[in-house]
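Take a look at the structure below.
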There are 2 protein chains.
Amino acid sequence: MDISDRKKRILRAIVESYVESAEPVGSKAICSDLGLSSATIRNEMAELTALGLLEQPHTSAGRVPSSKGYRVYVNELMHDRTLSAQETFELNNALRQRITKLDSLLADAGRLVADFTHYPVYALTAGSSGMKIRRFDFILVDKNTLIVVVMLDNDQVKNKLLHFPAGIDEALVRKLSTVFNSGFTGLESSEITHELVSACETACGDTEGIVASVAGFAIAALDEAAPRQAYLSGAASILEHPEYRDPDKAQRILAYLSDDSKLMTLPAPDESGEVKILIGPENVAEELSDSSVVVASYDLGGDVKGLLGVVGPTRMDYANISAHLSYLARELRIFLGGAGTLPQLGSGPPGPDEK
Amino acid sequence: MDISDRKKRILRAIVESYVESAEPVGSKAICSDLGLSSATIRNEMAELTALGLLEQPHTSAGRVPSSKGYRVYVNELMHDRTLSAQETFELNNALRQRITKLDSLLADAGRLVADFTHYPVYALTAGSSGMKIRRFDFILVDKNTLIVVVMLDNDQVKNKLLHFPAGIDEALVRKLSTVFNSGFTGLESSEITHELVSACETACGDTEGIVASVAGFAIAALDEAAPRQAYLSGAASILEHPEYRDPDKAQRILAYLSDDSKLMTLPAPDESGEVKILIGPENVAEELSDSSVVVASYDLGGDVKGLLGVVGPTRMDYANISAHLSYLARELRIFLGGAGTLPQLGSGPPGPDEK
DNA sequence: TATTAGCACTCTATGCCTCTGAGTGCTAAA
DNA sequence: TTTAGCACTCAGAGGCATAGAGTGCTAATA
């Protein structure tokens, strides 16, 4: 945006005052900070309004930043907010204390951010895994019962108990092991076709649907390895903010945020940036068109990303929120990175010999 | 409650009118239905107010049922509401369509009730399992990697991948299998003591902590087999009801409902009844003292129960909600009963050969 | 004796009015 | 180019009268 330096300073002052007070900002309120008379600022304000960066709720009120105004602020005027030692200490503390199980990492991380920011936070996974099968094992429990164990590319292990009334013997189990380990390893979910399964059934001489059951389980295991999950935390805190004092407005946005399938469509930061800020109408979803979203991503192993999104009014402390989010995303990256690929997601707490 | 028949009819009329309209009920509004003049009803109303069954927002307003009034209504006056064929059809339809995976049964059931009732609904598990271990299996992946598979009493199977930098050989795996299968089967989580683990370490000649890792996993598997879970659905719909138009009030109750640990403390129906109704101050939690909860339970196998709780203002259509809840709880019981003990909770979708 | 019609009374909600004050835009002076 | 000054605008608060719903009480009625 090509505007004079003084206009920028004024815009910044207005944004920051408004973010703090939630009251339209008058010319007097900021003139002392800028060393200019209120009249001068009034003139500049009029021009900023003409440029579409400020808005006036009514003639005799102060100015409020428009979405465009916030965008200019975020892109050009926002001071980098680095967290204080005290703040990083607290954040780290909370992280270590509350994120213990990888199982619930997504939900826990969301809750943590919600507690720190006092805004609703969604946490979700994005991206597909292209996960592959590494090996099959079969455990014969008794003549009707078989446990299938599948180990995936990223060291996840999944199992399933199957009952076969027709009965199974050791020989069949060995044959299954050979056929599945030679025919199915290295395959993705989509590569396990009906033809392949039929071929294996012939190879095993299986007429009881055993092969089909095992193959079905393998597909399910692959699909579940990188499930799309979504959690919402701190929903109630939306009501703290004056923008959402109107119950209808609050209800609309809460209903939107409670719908997992809608959350799934929310955007992730681009490859380059670590935090993405969407202001008001920049949100595709109509329900968010007068709210803002600050979203950060971190790797969950494979092609899977974790997303943490803070939702609030456009009058948000963008600097503060994005500082917290990007710090936390970085910490999560380290936290997860230390374990190499994602270990054992969904199968118990880390043992003493896991890094 | 020992009151005249006519008073009961009047109380019922007031409750039902108020539940529908959310407006204080005047004597004129119900006199035609009861074939009495408004003056007579006014006299009765005054007495019902003296008895504490009705309240008056202010002198020149109609009457509103008190918590005590609702209690009398629920205990003595409420007509049994049986769902119409149309309604059971729709409910069944929704049930079959939306509850497919046992994994997410709890959450799905909650969401379903929330959609039908337009109130927030919590779904949670209650009770402990006393689950035991049935057998151990060990799969040696390579010389540093071992998969432990544990089968529990209720046919659940859990696994974990362990890395041991020091290396493992076939002989050790066989020894582990013998020791664990003889020493640990039939034990509950609490019975796996430090002494037992030490004894096994000696028996296996293990100095690398392998035994400890496996035992730790076994404990975790037992504890996780019947986890306490909680889900909240339809939170946003609380704002639809005039009682919660005040954002502060709405926020308080939403914050309460969003706290899983607080939900866990909510009561379950007694052994006898299938639906329990808690009206206003009957709720122990202060946050719920001007709200009501209707809660139903259904068996989840073992000693574990599933709870479905509908939360709303005391001005609730108790007959309708409890009819829906008890019907649904019954259906879930059938749905789950068909599968005997809870099969495979948390380990993949049902295969074609599971009953 | 139980019920009802009638009436005075109470109290909230609504609309209307005025007043206040914050903030503006414009003009003229510095 | 900046600033002081001034007239103007408009939302919001407070005061006031009014309408209307509903009550409690009394006296008449069945």
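Every chain is numbered from 1 and lettered A, B, ... according to where its sequence line falls, protein lines coming before strand lines.
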Query raised in the report: Which residues pass the side-chain hydrogen bond (donor to acceptor under 3.5 Å, both in side chains) test with A:S84, sequence neighbours left out?
Result: A:E87
**Report entry** Heavy-atom neighbours of A:N75 CG exceed 12 at 6.0 Å
**Finding:** yes
Requested in this report: Give the nucleotide from the list D:dT2, C:dT3, D:dT3 with an atom nearest to the side chain of A:A39.
Outcome: D:dT3
**Report entry** ring-ring contact (aromatic ring centres under 6.0 Å, His included) partners for B:Y244, two or more places apart
**Finding:** none
Query raised in the report: Given atom CD of B:E44 and atom C1' of C:dT4, what is their separation to the nearest angstrom?
Result: 14 Å
Query - All side-chain hydrogen bond (donor to acceptor under 3.5 Å, both in side chains) counterparts of B:D5, not counting sequence neighbours - result: none
Query - Distance in angstrom units between A:I30 CD1 and C:dG23 P, rounded - result: 11 Å
Query raised in the report: What does nucleotides 19-24 of chain D look like as a protein-contact string, B for base, S for sugar-phosphate only, - for none, at under 4.0 angstrom between heavy atoms?
Result: --BSBB
Report summary line: Separation of C:dG23 atom P from A:L48 atom CG, nearest Å, is 18 Å
Report summary line: Angle separating the five-pair end axes of the helix from C:dT1-D:dA30 to C:dA30-D:dT1, nearest 10°, is 20°
Query - ring pair (Phe, Tyr, Trp, His ring centres under 6.0 Å) contacts touching residues 2-59 of chain A (sequence neighbours left out) - result: none
Query raised in the report: For A:Y119, which residues count as a ring-ring contact (aromatic ring centres under 6.0 Å, His included) partner, sequence neighbours excluded?
Result: A:H241
Query - ring-ring contact (aromatic ring centres under 6.0 Å, His included) partners for B:Y122, two or more places apart - result: none
Report summary line: Residues passing the ring-ring contact (aromatic ring centres under 6.0 Å, His included) test with B:Y318, sequence neighbours excluded, are B:Y70
Query raised in the report: Should the pair B:K249-B:E243 be classified as a salt bridge under the 4.0 Å nitrogen-to-oxygen rule?
Result: no
**Report entry** Under the side-chain hydrogen bond (donor to acceptor under 3.5 Å, both in side chains) test, residues paired with A:T40 that sit two or more places apart
**Finding:** A:S37
Query - DNA chain C contacts made by residues 14-22 of chain A, counting heavy atoms under 4.0 Å - result: none
Query raised in the report: Which residues satisfy the side-chain hydrogen bond (donor to acceptor under 3.5 Å, both in side chains) test with A:T82, sequence neighbours excluded?
Result: none
Query raised in the report: B:I41 has an atom CD1; how far is it from atom C1' of C:dT4, in whole Å?
Result: 12 Å
Query raised in the report: Between A:L36 (CG) and D:dA4 (C1'), how many Å, whole number?
Result: 15 Å
